[in-house]
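Note sheet for the following structure.
All figures in this text were calculated on a predicted structure; none of them were measured in a lab.
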Amino acid sequence: MTDSPEFAPDHRPTPGEEAGAPAPRTGEPRLLVSFATYNEAGNIAALIAEVHKVVPHADVLVIDDNSPDGTGRIASDLAERDPRVHVLHRPAKLGLGTATLAAMKFAMSRGYDFLLNMDADFSHPPRYVPGILAGMSKNDVMIGSRYVRGGGTENWPLPRRVISQTVNLVVRFLFRMPVKDASGAFRCYRVSVLRNAELDRVRSRGYSFQQEVLFRCFKAGAKLGEYPIIFENRRAGASKVNRKEAVRSMSMLLYIGLRNVFGLEQKRK
């Protein structure tokens with residue numbers, strides 16, 4: 001992964017970060033939980049508290065894109081009181097893909113074992129975290145999955161369900177990955193696999209990012225697993241779904257998928 005300006009956020013370290021390495025081991029793998037935020041002031045403090053209820057040993061990384069509602073300030077206030085909380089302040093809304101890449105870079109540079117990525121709006125309930133982490137004993141990437149037995153979505157309109165499942169069918173066919181939910185962001189990655197996943201080749205920055213980064217991990221030999229979750233509606237704030245970006249992302253998935261079918265997406269030697 002390169003250090004281009006797109007991947008190098010405006011990083012103002014919190015007091016916890018200035019110490020450098022993660023907290024000492026407690027017998028558990030070193031776990032970093034990451035949230036990309038933009039206008040999540042109504043969620044972020046409660047979400048971090050709930051995560052720490054189920055995984056007290058976890059460090060948390062908030063990557064805030066200069067939220068006008070003060071999300072970044074709230075996160076920094078939390079970091080001043082809790083050394084487990086870290087914050088990356090970025091100068092503008094740079095997107096979910098670059099935020100996730102920044103979290104991956106942070107996890108790799110600081111020696112974490114696992115990186116768990118979650119949405120910051122409570123659509124990924126923290127109660128599923130222990131089950132996802134348990135799956136890491138046999139897998140390199142664990143997906144909080146809406147489309148395996150026991151999973152689902154709450155109060156989604158029919159068109160959204162149809163689009164989501166259609167995209168996953170296309171990805172499963174073109175990318176040849178043995179998963180049913182390749183588009184969800186609720187995931188745990190083994191950091192050692194991320195080091196080998198050729199993240200510098202990731203082209204996607206929008207909605208297609210989740211599918212492409214999973215594909216890069218799969219190409220690097222990652223074993224993929226799924227754990228059932230119910231995807232819930234956000235508790236506060238507004239949805240950031242963008243139809244134009246959805247069309248752009250579908251085009252990107254078709255491009256990468258067809259390259260894969262024709263053998264043009266082989267891992268570098």
Test Leu31 against Tyr112 for side chain to side chain contact (heavy atoms under 4.5 Å, CB included), laying out the working first. CA-CA 6 Å; Leu31 171 64; Tyr112 288 95; 5.8 Å; no
Close side-chain approach of [X] to [Y], heavy-atom, < 4.5 Å:
| X | Y | result |
| --- | --- | --- |
| Met252 | Tyr255 | yes |
| Asn66 | Pro91 | no |
| Val85 | Ile48 | yes |

Can a cation-pi geometry be assigned to Arg110 and Phe106, taking NZ or CZ under 6.0 Å from the six-membered ring centre and within 45° of the ring axis? yes
Pi-cation contact, Phe173 with Arg176 (under 6.0 Å, within 45°): yes
Distance-minimising heavy-atom pair for [X] and [Y]:
| X | Y | answer |
| --- | --- | --- |
| Val62 | Ala75 | CG1-CB, 3.9 Å |
| Leu115 | Val191 | N-CG2, 3.9 Å |
| Ile230 | Gly151 | CD1-C, 3.8 Å |
| Glu226 | Ser145 | OE1-OG, 2.8 Å |

Distance (rounded to the nearest 0.5 Å) between [X] [atom1] and [Y] [atom2]:
| X | Y | atom1 | atom2 | value |
| --- | --- | --- | --- | --- |
| Met104 | Leu32 | CE | CG | 11.0 Å |
| Ser76 | Ile74 | OG | CD1 | 10.0 Å |
| Gln210 | Phe215 | CD | CZ | 15.5 Å |
| Ser34 | Arg187 | OG | CZ | 11.5 Å |
| Asn196 | Arg216 | CG | CZ | 14.5 Å |
| Leu253 | Phe209 | CG | CZ | 12.5 Å |

Distance-only side-chain donor-acceptor flag, Asn43 / Glu40, under 3.5 Å: yes
Worked verdict on Arg248 versus Ser208 for side chain to side chain donor-acceptor pair (under 3.5 Å): CA-CA 8 Å; Arg248 183 184 300 115; Ser208 58; over 6 Å; no
Thinking salt bridges, do [X] and [Y] make one under a 4.0 Å N-O criterion?
| X | Y | value |
| --- | --- | --- |
| Lys93 | Asp65 | no |
| Glu198 | Arg201 | yes |
| Arg127 | Glu232 | yes |

Linked, directly or transitively: [X] and [Y] (ILVMFWY side chains, under 4.5 Å):
| X | Y | answer |
| --- | --- | --- |
| Val55 | Phe114 | yes |
| Val193 | Ile143 | no |
| Val167 | Leu96 | no |
| Ile163 | Val171 | yes |
| Met250 | Val162 | no |

Flag, side chain of [X] to backbone of [Y], donor-acceptor distance under 3.5 Å:
| X | Y | answer |
| --- | --- | --- |
| Arg30 | Ala107 | no |
| Asn139 | Met142 | no |
| Arg190 | Val141 | no |
| Asp69 | Ala41 | yes |
| Asp64 | Ser67 | yes |
| Asn117 | Ala185 | yes |
| Ser123 | Asp119 | no |
| Gln211 | Ser183 | no |
| Ser164 | Arg161 | no |

Given Phe35 and Leu61, is the side chain to side chain contact (heavy atoms under 4.5 Å, CB included) satisfied, shown in steps? CA-CA 6 Å; Phe35 305 107; Leu61 175 65; over 6 Å; no
Out of Val148, Leu133, Ile132, which one pairs with Tyr227 under the side-chain contact (heavy atoms from CB on, under 4.5 Å) rule? Ile132
Pick out which of Val60, Asp59, Leu78 makes a side-chain contact (heavy atoms from CB on, under 4.5 Å) with Arg84. Asp59
Show the numbers, then the answer: is there a side chain to side chain contact (heavy atoms under 4.5 Å, CB included) between Arg146 and Lys180? CA-CA 8 Å; Arg146 299 160 292 183; Lys180 294 186 177 181; over 6 Å; no
Can you tell me if Arg73 has over 12 outside heavy atoms packed within less than 6.0 Å of its CZ? no
What side-chain donor-acceptor pairs closer than 3.5 Å can you find for residues 217-224, not counting sequence neighbours?
| unit_1 | atom_1 | unit_2 | atom_2 | d |
| --- | --- | --- | --- | --- |
| Lys219 | NZ | Asn260 | OD1 | 3.2 |

Going by the angle between their ring planes, with limits at 30° and 60°, are His124 and Phe186 parallel, tilted or perpendicular? parallel
Side-chain cluster (under 4.5 Å, hydrophobic types only) that Tyr147 belongs to, other residues: Trp156, Phe231
List the residues meeting salt bridge (Lys or Arg N to Asp or Glu O under 4.0 Å) with Arg203, not counting sequence neighbours, and say none if there are none. Glu265
Show your reasoning for whether side chain to side chain contact (heavy atoms under 4.5 Å, CB included) applies to Val179 and Arg172. CA-CA 7 Å; Val179 296; Arg172 190 156 65 247; 5.9 Å; no
